[in-house]
Amino acid sequence: MAYWLMKSEPTVYSITDLQRDGITLWDGVRNYQARNFLTSMALEDLAFFYHSNTQPPGIVGLMKVVDTNQVDPSQFEAANPYYDPKSSPAQPRWYTVRVGYLETFPHPLSLDQLKQTFNPEELWVVRRGNRLSVMPVLPEVGDRLLSLARG
DNA sequence: GCCAACGTTGGC
DNA sequence: GCCAACGTTGGC
């Protein structure tokens with residue numbers, strides 16, 4: 001079982017939206033490094049839900065991977081903001097996972113708090129200028145995040 | 001293959 | 001709203 005961290009802007013899709021939906025397809029990732037992390041995810045992996053572009057940014061909940069290696073359908077939809085004209089159903093370029101809601105943390109971990117607790121080497125999201133939207137989390141860091149966030 | 005221009009992310 | 005960081009594009 002591996003830990004991951006996945007970002008979403010709450011105005012686009014929030015932990016509350018995931019709680020309501022139960023399961024969702026994590027679509028719209030258009031960065032090769034992030035996609036490569038998505039395709040290396042396994043069933044039952046745990047992912048921290050990170051709210052970006054909000055006040056305060058930070059980790060707000062937990063989800064689990066329920067379906068791996070899913071073709072992201074938004075890449076084929078011309079009217080979709082994530083449309084990729086260079087992709088085709090015969091040769092899809094963008095893959096993702098389906099995630100399930102597990103919990104909303106009683107003690108969300110703000111970016112500020114994360115910066116005080118972890119260094120940039122052990123937790124990528126606190127790296128300066130970090131723009132990656134899907135990233136791995138070290139097992140021991142994941143364990144600590146869980147115990148901090150659950151209080 | 002280099003690199004300037006451009007677009008996007010995301011903290012502040 | 002600003003702007004630093006940085007990924008991508010495209011001319012050469």
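A note on names: the letters A, B, ... follow the listed sequences, proteins ahead of strands, and every chain is numbered from 1.
- Taking a 4.5 Å side-chain heavy-atom cut-off between Ile, Leu, Val, Met, Phe, Trp and Tyr, the cluster of A:I23 extends to A:V66.
- When each of A:R131 and A:N53 is assigned the nucleotide of DNA chain C with its nearest heavy atom, A:N53 is the one assigned upstream, toward the 5' end.
- Sorted by first then second residue, the side-chain hydrogen bond (donor to acceptor under 3.5 Å, both in side chains) pairs that include residues 96-105 of chain A, not counting sequence neighbours, are A:Q19-A:Y101, A:D67-A:R98, A:Q70-A:R98, A:Y101-A:T104, A:E103-A:R150.
- Extent of DNA chain B lying under 4.0 Å from chain A heavy atoms, first and last nucleotide in 5' to 3' order, is B:dG7 to B:dC12.
- Residue pairs meeting the ring-ring contact (aromatic ring centres under 6.0 Å, His included) criterion with at least one partner in residues 124-143 of chain A, sequence neighbours excluded, are A:F37-A:W124.
- Pairs passing the side-chain hydrogen bond (donor to acceptor under 3.5 Å, both in side chains) check and including a residue from residues 50-61 of chain A, sequence neighbours excluded, read A:E9-A:N53.
- Within the structure, no pair that satisfies the ring-ring contact (aromatic ring centres under 6.0 Å, His included) test touches residues 55-84 of chain A, not counting sequence neighbours.
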